[in-house]
Structures are given as C-alpha cells and as structure tokens.
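All remarks here apply to the structure that follows.
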Amino acid sequence: MKRIYLDYAATTPVHPEVRNAMLPYLTEEFGNPSSMHARGLAAKEAVARAREQVAGLIGARPGEVVFTGGGTEADNFAFSGVALARRTTHNHLITTGIEHHAVLETCRFLAKMGFTVSYVPVDGVGLVDPQDIEMSLSGSTVMVSVMHANNEIGAIQPLSEIAAAARSAGVLFHTDAVQTVGRIRVNVDELGVDLLSMSAHKLYGPKGVGALYIRRGTNITPMVHGGAQEEGLRAGTENVPGIVGFGVAADIARRELLPEMKRETFLRDRLIQGILASIDQTSLNGHPEQRLPNNVSINFAGVEGEAILVMLDEAGICASGGSACTSGSVSSSHVLLALGCPPELARGCVRFTLGKWTTEEEIETVLNVLPGIVARLRDMSPTYTS
Ligand code: PLP
C-alpha cells in the first residue's frame, strides 16, 4: 500500500539532492575538520560552505551560525547559555505557555537553578499580544523567547512587533523557528531577533543536526565543553555529513520557498474547507490566515484523536495528534489548553501537516476517507450526541 504522509511537521524525508551531497562525506571524504591534512581541509571547507548556505537562508552572517545536534539543543543552548552568561545581574526569563517542550523543560530546569520564568498568555487562536510582553518585562529580565510558529496549531506570531517590545527595553530576544525556517520567509534582521533556533530535519535535511543563530556581539556561555569547534561555542567533532546536508537543504528551501508556500497553502485550504464542510462539529485550531502554509489542525467533537489516527493509519494515512512528542499519551495538548480549548474537545484533535510531496489527489483521498472514520467512531461513542 502506498502510504499518504501528512506528518511533515514531525519530520520530513531527506531530499534526494541532500542525500547525494551527503554521501561523499560518509565515504571517501570522511576527514575530521580539525585535522591539518588534505582530508581534514576538505571537511572543514564543506562545513564552511554549509554555514554560508544556512546563514543565507535566514539573512545572517556565516559567523553568526553555530551548528548543534538539532533544534532541541539549539533551544537549550539559547536559554541556558544566555541565562548563565548574565546570571549575576539578571534572573528573569519571559516565554509563552505554547512553546515546544525543548523550551518549556529548559525553563523548568532554569527555574530549579533559581531563575524566575514568566509565561505570557496567548489568545484563542494562539497569538501573543506584544503588550503582554512589555508588561512582563522587568529590570532583571535576561531574555524573552517566543516561538515563530507553533508546531501543533501552526499559528505564526507577530514576531517583529514582539521582538521590538523586548529589544526596545534592551532585552535579548530569542525565537524557536524550527517550524518556519525553510517553510516561510525568515530574516533575522526583519524579525529583529538576537537568537534563533533551527533544525535540519524539518526542511528535508537529516535528523540530529540544527543550528543556533547568535547575533554578533551577544554574550552567551558555551554549554558543550571539550574542544575549540564552532569558535569555542560548541565542542565536539562536527557532524560533517549532517551539516553538509543541512546546507544543501537550506539552498533548496531558498530556491523553492515561494512557489512551494503557494502550492501548500492551496492544498491546506482545500483540506480545511473540505473537512469543515463534510463533517459537522469540527473546528479549526489556530489563526485561519496567520498560519503555516502546511498546517491543518482540527478538533473533532465526541471522538478521541488517537482513535482517528489509528483508523487513518489502517487506511494508509499518517497524521498526528497535537505534536509527535505528546502523541502516545492521552493527556490533552498543553497548547490547546493554553488557547482555552476544553480538555475533552482537545482530546479530539488531529494534525495534518503537508509537504513537498503532498498531492491534490492525496488530499482528496483523505477527504473521502475521513468522514466515514469519524462517523463510525461517533456511532460507537457513549457520549457523542449529534
Ligand atoms: N521546536 C519546535 C517548534 C519543534 O517543532 C521541534 C521538533 O518537533 C523542536 C523544537 C525540536 O527539534 P529537534 O527535533 O531537531 O530536536
């Protein structure tokens, strides 16, 4: 059975061009970039080229990009690195309740270390009000962090206004842009960010490699110790094939961004409208327009999202409930609860996320299959009333 993959926010397949670029660095070009000989030099040059490519995608200087072991590490580095660098004078962090666990768990860790964390609220469609950021700022605030777009509901924040609120008070601003880099336009100067997290496997690159953009002059303490790699900011022999793959993925994203955004937005809207029109008691999560071009997050009243996912899987369709990290647990998504969604409705959430190889035909297949699945589950439900 040919499977329909609609979970591109969880991860993407590696682009064939990316794989081909990586292969030599897994075979004959296996050198360590720190070695002085020709093989080492070739690896070092490949990492430098990838740094330029990644920087080019976000409008940064190559020297402002530090490669990491993924988006989670980039988030950890941004928070802990900035917090520790300024801990003698500042002990307050500001973020939101809808962040990825990579941010929320790091905040919890820093709270145990003595930092205070303020969580600004979001409105019913998942957006932060820049005024709430302004009101939370204090003389001891180290950093404000608000994700660019949410991985579960796709809401895109008014980031440049939020960043301006922080920066006009002289406070550093970080964003988790793991879901936006390669998917919508991201430019560090236009957004006005000081730090920005990225991950290669969300843009058709390999897993286990990401980067943190750190604006020149930002004071940050290294978190991984042991060598002088990445200008002393992140020790350890570089993941050369992964970094090369990230670079090529960034180049492809830059080349294809606008037409792909247009194509995905069309398919997204077809799927949203098709579901809302054919299945009653359904609602869209997140902002209807200010949302990622590939995100469709729907609540189905009276059914468990998990049950829909199992039946979709049996029909050859891969989707997700909330985020990949929270699926498998029956608790409601912290993101949907933060929007004010009742817990029983939040449990009926299914997320479809589209990508480069999603076709119109696949969307029509989902629209044919889904109403029957929801109807069958509602028939079995002791609580559902039409
Ligand atoms: N931040 C967001 C918004 C994400 O969606 C993810 C991955 O799902 C991460 C961070 C973590 O990235 P990685 O899987 O590269 O560790």
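Order of listing sets the numbers, starting from 1, for every ligand and every atom in it. It should be emphasised that the depicted structure is a prediction, and the values quoted were computed from it without experimental measurement.
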Any ion pair linking Asp251 and Arg49 (charged N to carboxylate O, less than 4.0 Å)?
->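 Not counted as a salt bridge, because no side-chain N and carboxylate O are separated by less than 4.0 Å.
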Does a salt bridge link Arg263 with Glu360, judged by any charged N lying under 4.0 Å from a carboxylate O?
->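 Salt bridge: no.
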Looking at [X], which atoms of ligand 1 are within less than 4.0 Å of one of its heavy atoms?
X      : value
Ser199 : 13 (P), 15 (O)
Asp75  : 1 (N), 10 (C)
Thr72  : 11 (C), 12 (O), 13 (P), 16 (O)
Gly70  : 15 (O)
Met147 : 3 (C)

Determine, considering heavy atoms only, which of Gly71, Ala10, Ala177 sits nearest to atom 13 (P) of ligand 1.
->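 Answer by nearest heavy atom: Gly71.
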Ignoring hydrogens, just give me the one of Met198, His148, His201, Gln179 whose non-hydrogen atom is nearest atom 14 (O) of ligand 1.
->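 When every heavy atom of Met198, His148, His201, Gln179 is considered, His201 comes closest to atom 14 (O) of ligand 1.
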Closer than 4.0 angstrom: is that true for some heavy atom of Glu73 and an atom of ligand 1?
->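 No; Glu73 lies far enough from ligand 1 that no heavy-atom distance drops under 4.0 Å.
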For a side chain to side chain donor-acceptor pair (under 3.5 Å) with Ser333, tell me which candidate from Arg351, Glu152, Arg347 qualifies.
->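 Output: one option passes, namely Glu152.
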Whether Glu230 side chain and Phe67 backbone form a donor-acceptor pair below 3.5 Å |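 Present.
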Can you tell me if Glu362 uses its side chain to pair, donor with acceptor, with the backbone of Thr359 under 3.5 Å?
->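 Judged by distance alone, yes, a pair lies under 3.5 Å.
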Kindly give the heavy-atom pair with the smallest separation between Ile275 and Thr282, and that separation in Å.
->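 Looking at all heavy atoms of both residues, the shortest contact is O-OG1, 4.1 Å.
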